[in-house]
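Written below as structure tokens is the structure these notes are about.
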Amino acid sequence: MKVLELTNVTKEYTQGKMQVPALRGVNLSVEAGEFLSFAGPSGSGKTTLLNLIGCLDRPTAGSIELAGRELAKLTPLELARVRRQEIGFIFQSFNLIPVLTAFENIEMPLVMLNRFTPAEIREKVMAALEEVGLAGLESRRPAELSGGQQQRVAIARALIKNPKFVLADEPTANLDSENGQAVLDLMARMNQKNGVTFIFSTHDPMVMGYARRLVRLKDGRIASDEEVDRHAKAN
Ligand SMILES: Nc1ncnc2c1ncn2[C@@H]1O[C@H](COP(=O)(O)OP(=O)(O)OP(=O)(O)O)[C@@H](O)[C@H]1O
Ligand SMILES: [Mg+2]
């Protein structure tokens with residue numbers, strides 16, 4: 001099932017009087033359950049593309065259909081609802097709230113959905129902590145966790161509401177290779193077990209090695225788009 005379709009997407013940023021072209025006609029179709037990475041040099045448009053897919057910004061031209069909805073037709077409020085209900089985000093710098101514990105960071109998206117009792121939330125958060133290998137650390141604040149542990153809290157937070165998509169902009173860029181691999185293994189497991197569609201970005205060949213589809217960007221265009229045979233990593 002197709003979950004994302006980009007047609008001729010362009011994005012120009014305005015810098016003073018200058019127009020900076022960031023995307024120049026991107027066409028991309030993504031099926032449910034894909035594990036896709038954008039790769040490409042600095043400035044090639046990876047973050048711009050993820051921000052558009054994540055409803056954090058709008059394209060200058062072209063169309064983006066996410067889960068059957070044309071994003072250009074949605075009001076800002078509707079876009080925010082799509083973002084809140086259907087998309088999980090993982091960031092390069094983890095973006096955890098420093099004064100909140102691991103538990104409180106993870107429960108936040110569920111609390112905002114306003115749909116679950118405290119007991120239900122507690123059960124889901126404890127299960128998520130277990131799933132990402134952090135059982136027992138729920139009371140720690142981000143500063144009391146390693147980088148790898150903080151990113152696993154962020155993954156639990158992204159997955160807690162069972163999103164259709166998880167978008168991750170360079171999720172391992174601030175981690176050493178061991179923690180980076182642990183985070184990718186976890187993402188791959190969630191993708192296979194729960195069928196969540198993952199779209200992430202990286203410069204790192206090790207990370208690209210995990211992708212099952214690798215889309216290379218260059219100067220705001222797709223330079224190549226290939227399926228990767230990942231039997232070795234698919235466990
Ligand atoms: N808010 C902005 N205002 C103006 N120009 C921007 C803005 N954000 C990005 N750009 C420009 O758009 C282009 C694409 O940037 P983008 O951040 O998408 O690249 P990237 O592939 O994510 O790079 P990196 O690997 O360094 O994160 C670059 O030329 C960048 O300078
Ligand atoms: Mg970027």
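When a ligand or atom number is given, it counts from 1 through the structure's own listing order. Quick caveat: nothing in here was measured; it's all calculated off a predicted structure.
- The protein heavy atom nearest to atom 18 (O) of ligand 1 is Thr48 OG1, 2.6 Å.
- In this structure, the side chain of Glu123 does not engage the main chain of Glu120 through any donor-acceptor pair within 3.5 Å.
- Annotation: Phe200 is in aromatic contact with Phe35 [ring centroid separation under 6.0 Å].
- Look at Glu86 and Lys164 and you find a salt bridge, because one of the NZ, NE, NH1 or NH2 atoms lies within 4.0 Å of a carboxylate O, short of that distance.
- Contact check for Gln85 versus Leu113: side-chain heavy atoms found under the 4.5 Å cut-off.
- Within the 4.0 Å heavy-atom criterion, the part of Gln15 lying near ligand 1 is the side chain and not the backbone.
- Here the protein heavy atom with the shortest distance to atom 27 (O) of ligand 1 is Glu170 OE2, 3.6 Å.
- Ligand 1 is approached by Pro41 to a heavy-atom distance shorter than 4.0 Å.
- Heavy-atom neighbours of Glu226 CD from other residues, nucleotides or ligands within 6.0 Å: above the threshold of 12.
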I'd like to know whether Asn95 forms a side chain to side chain donor-acceptor pair (under 3.5 Å) with Ser93, so could you lay out the CA-CA distance, the side-chain angles of the two residues, the decisive distance to 0.1 Å, and finally the verdict.
CA-CA 6 Å; Asn95 286 18; Ser93 49; 3.1 Å; yes
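- Residue-ligand proximity, His203 to ligand 1, at heavy-atom distances under 4.0 Å covers atoms 25 (O).
- Shown here, atom 22 (O) of ligand 1 is in close reach of the protein: a heavy atom of it lies under 4.0 Å off.
- For residue Thr47, an N/O/S atom approaches the Mg ion (ligand 2) to within less than 2.8 Å.
- In terms of protein heavy-atom proximity, atom 31 (O) of ligand 1 is nearest to Val20 CG1, 4.8 Å.
- The residues Lys2 and Glu34 are annotated as not salt-bridged, no charged nitrogen and carboxylate oxygen being separated by less than 4.0 angstrom.
- Residue contacts with ligand 1, taken as heavy atom pairs separated by less than 4.0 Å, do not involve Ser201 at all.
- Atom 28 (C) of ligand 1 has as its closest protein heavy atom Gly43 O, 3.8 Å.
- By the definition of a contact as any protein heavy atom under 4.0 Å away, atom 13 (C) of ligand 1 is in contact.
- Nearest protein neighbour of atom 26 (O) of ligand 1, counting heavy atoms only, is Ser42 OG, 2.6 Å.
- Using 4.0 Å as the threshold, Gly40 has no heavy atom nearer than that to any atom of ligand 1.
- Looking from atom 6 (C) of ligand 1 to the surrounding protein, the closest heavy atom is Tyr13 CD1, 3.2 Å.
- When every heavy atom of Arg152 is checked against every heavy atom of Val183, the shortest pair comes out as CG-CG2, 4.4 Å.
- A heavy-atom distance below 4.5 Å is found between the side chains of Phe38 and Leu28.
- Using a 4.0 Å cut-off between charged side-chain N and carboxylate O, Asp225 and Arg213 make a salt bridge.
- Distances between N or O atoms of Gly45 and those of ligand 1 include at least one value under 3.5 Å.
- One option in Leu50, Thr47, Leu49 has a heavy atom closer to atom 17 (O) of ligand 1 than any other, and that option is Thr47.
- Residue contact check: Ser44 has heavy atoms under 4.0 Å from atoms 19 (O), 21 (O) of ligand 1.
- Looking only at heavy atoms of the protein, atom 25 (O) of ligand 1 is closest to Lys46 NZ, 2.7 Å.
- Under the side-chain contact (heavy atoms from CB on, under 4.5 Å) rule, Pro142 has a single partner from Asn105, Val99, Thr101, which is Asn105.
- For the pair Glu78 (side chain) and Thr75 (backbone), a donor-acceptor distance under 3.5 Å is present.
- On a distance-only criterion, Ala22 and ligand 1 share no N/O pair closer than 3.5 Å.
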